[in-house]
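Read the numbers this way: they start at 1 and go in the same order the structure lists the ligands and their atoms. We number each residue from 1, following the sequence as shown.
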Amino acid sequence: MKPVVFITGATSGFGRASARRFAAAGWSLILCGRRADRLEALKQELQGQVPVHTAVLDVRDAQAVADMVQALPGPFTAVTTLVNNAGLALAAQPAQEVALQDWQTMIDTNVTGLVNVTHALLPRLIETGAGASIINIGSVAGQWPYPGGHVYGATKAFVQQFSYNLRCDLIKTGVRVTDIAPGMAETEFSLVRYKGNQDAAEKIYRGTTPMSAEDIAEQIFYVASLPPHLNINRLEIMPVRQAWSPFAVDRDG
Ligand SMILES: NC(=O)c1ccc[n+]([C@@H]2O[C@H](COP(=O)([O-])OP(=O)(O)OC[C@H]3O[C@@H](n4cnc5c(N)ncnc54)[C@H](OP(=O)(O)O)[C@@H]3O)[C@@H](O)[C@H]2O)c1
């Protein structure tokens with residue numbers, strides 16, 4: 001039987017590139033996101049290659065997530081790999097200037113949404129057993145603080161710890177859990193963060209060499225394809241032209 005991958009946030013960036021990468025290897029695809037037109041376009045592109053099931057889904061809606069998983073058609077019920085990718089950053093200004101709603105949207109999507117999908121799919125993944133994987137997309141922001149990281153980084157720290165804790169409970173099930181923590185990658189991520197301001201978004205990537213969505217999709221596929229007895233706990237990856245800064249020190253004068 002073909003392995004089945006369930007990808008959240010498949011309408012853009014890492015999720016869409018992963019759909020293409022898994023399709024190239026013959027996996028069946030379950031693709032979710034809120035933008036129906038993007039899902040339909042991806043289905044048209046890939047369904048000649050592999051079986052594709054799409055679902056318009058807001059991961060923040062626990063009932064909608066549970067219903068969607070319950071309603072998966074026969075050939076898609078045996079999920080091999082869950083890629084918990086849907087997520088976003090909002091606001092890059094200092095914490096004290098950010099609207100509460102932006103913080104809440106990040107928590108609702110990156111934390112609650114990821115938990116909703118994981119909870120709904122755990123029984124299916126455990127049924128699959130050896131070789132099954134949960135691949136959570138965290139971020140370097142979950143480990144390394146930076147100005148303007150506030151709640152975004154905190155949600156990704158949750159993703160890391162939740163991934164580790166899941167491993168403890170799933171040890172006897174064969175289900176692997178990995179936190180993939182990318183650094184700077186050029187997707188629609190910055191366009192979302194700067195709320196549609198194309199110039200502000202492009203500035204982030206100007207004059208440097210960020211990672212691409214395909215670079216990360218390759219890592220996601222690699223993790224999902226490892227022999228069933230191996231678990232990568234956390235995979236942190238940056239472009240060569242990104243590193244850390246010195247500590248900030250506030251001085252008089
Ligand atoms: N790009 C980077 O530099 C970077 C670095 C580290 C980590 N990440 C993480 O990587 C993941 C993917 O980001 P990306 O860079 O590929 O950004 P992207 O191009 O903006 O893609 C984000 C995806 O998430 C989906 N999404 C957002 N909110 C959703 C919701 N409520 N329900 C369902 N789907 C939702 C979007 O689909 P719809 O809008 O159609 O719903 C979209 O497909 C995120 O978790 C992000 O935090 C990105």
Checklist outcome for this item: Heavy atoms of Val223 and Thr178 approach each other most closely as CG1-OG1, 3.4 Å
Item to check | Under 4.0 Å to a heavy atom of Gly138 - the qualifying atoms of ligand 1, by number | outcome: 6 (C), 7 (C)
Next on the checklist: Please give me the minimum heavy-atom distance between Val159 and Asp179, naming the atom from each residue.
Outcome noted: CG1-OD1, 3.8 Å
Next on the checklist: Quick check on contacts: which atoms of ligand 1 are under 4.0 angstrom from a heavy atom of Ile137?
Outcome noted: 9 (C), 10 (O), 11 (C)
Item to check | Glu188: numbered ligand 1 atoms lying under 4.0 Å from its heavy atoms | outcome: 19 (O), 20 (O)
Checklist outcome for this item: In this structure, atom 48 (C) of ligand 1 is nearest to the protein heavy atom Phe14 CE1, 3.4 Å
Checklist entry - For ligand 1, which atoms, with element, lie under 4.0 Å from some heavy atom of Gly13? => result 16 (O), 19 (O)
Item to check | Polar side-chain atom of Asn85 near backbone of Gly9 as donor-acceptor pair, under 3.5 Å | outcome: yes
Next on the checklist: Return the closest protein heavy atom for atom 39 (O) of ligand 1 as residue, atom name and distance.
Outcome noted: Arg34 NH2, 3.0 Å
Next on the checklist: Does only the side chain of Glu186 get under 4.0 Å from ligand 1, or the backbone, or both, or neither? Count heavy atoms.
Outcome noted: neither
Checklist entry - atom 46 (C) of ligand 1: which protein heavy atom is closest, and how many Å away? => result Tyr152 OH, 3.6 Å
Checklist entry - Closest non-hydrogen protein atom to atom 42 (C) of ligand 1, residue and atom name please, with distance? => result Thr11 OG1, 3.5 Å
Checklist entry - Does any N or O in the side chain of Arg167 come within less than 3.5 Å of the main-chain N or O of Arg176, such that one atom is a donor and the other an acceptor? => result no
Checklist entry - How far is atom 5 (C) of ligand 1 from its nearest protein heavy atom, and which residue and atom is that? => result Gly183 O, 3.2 Å
Checklist entry - Atom CD1 of Ile232 and atom CG of Leu226: how far apart are they, to the nearest 0.5 Å? => result 5.0 Å
Checklist entry - What atoms in ligand 1 come closer than 4.0 Å to a heavy atom of Leu57? => result 32 (N), 33 (C)
Next on the checklist: Strictly distance-based, threshold 3.5 Å: is any side-chain N or O of Lys195 a donor or acceptor partner for the main-chain N or O of Ala91?
Outcome noted: no
Checklist outcome for this item: closest protein heavy atom to atom 14 (P) of ligand 1 is Thr187 OG1, 3.4 Å
Item to check | Sidechain-backbone polar pair: Asn165 side chain, Phe162 backbone, donor-acceptor under 3.5 Å | outcome: no
Checklist entry - Heavy-atom contact under 4.0 Å between Lys156 and ligand 1? => result yes
Next on the checklist: With a heavy-atom distance limit of 4.0 Å, tell me whether Asn85 approaches ligand 1 through its side chain, its backbone, both, or neither.
Outcome noted: both
Checklist entry - Taking the side chain from His150 and the backbone from Gln93, do they hold a donor-acceptor pair closer than 3.5 Å? => result yes
Next on the checklist: Please check this pair: side chain of Asp108 against backbone of Gly113, looking for a donor-acceptor N/O pair closer than 3.5 Å.
Outcome noted: no
Checklist entry - Looking at Val4 and Phe76, what are the two nearest heavy atoms and their distance? => result CG1-O, 4.1 Å
Checklist entry - If you measure every N/O of Val192 against every N/O of ligand 1, is any gap under 3.5 Å? => result no
Checklist entry - What's the shortest distance from atom 25 (C) of ligand 1 to any protein heavy atom, and which residue and atom give it? => result Gly9 CA, 3.5 Å
Checklist entry - Of Gly15, Ala86, Ser12, which has the heavy atom at the shortest distance from atom 34 (N) of ligand 1? => result Ala86
Next on the checklist: Is it the case that the side chain of Ser190 and the backbone of Arg193 share a donor-acceptor pair, with hydrogens and angles ignored and the cut-off at 3.5 Å?
Outcome noted: no
Checklist entry - What are the two closest non-hydrogen atoms of Ala181 and Arg234, and how far apart are they? => result CB-NH2, 3.4 Å
Next on the checklist: Whether Arg124 engages the ring of Phe6 as a cation-pi pair (distance to the six-membered ring centre under 6.0 angstrom, angle to the ring normal within 45°) should be assessed.
Outcome noted: no
Next on the checklist: Under 4.0 Å from a heavy atom of Asp58: which atoms of ligand 1 are those, numbered in the order shown and with their elements?
Outcome noted: 30 (C), 31 (N), 32 (N)
Checklist outcome for this item: Atoms of ligand 1 under 4.0 Å from any heavy atom of Arg60, numbered from 1 in the order shown, are 31 (N)
Checklist outcome for this item: In this structure, atom 22 (C) of ligand 1 is nearest to the protein heavy atom Gly87 O, 3.7 Å
Checklist entry - Where the closest heavy atom to atom 2 (C) of ligand 1 is concerned, which of Ala185, Pro239, Pro182, Gly33 has it? => result Ala185
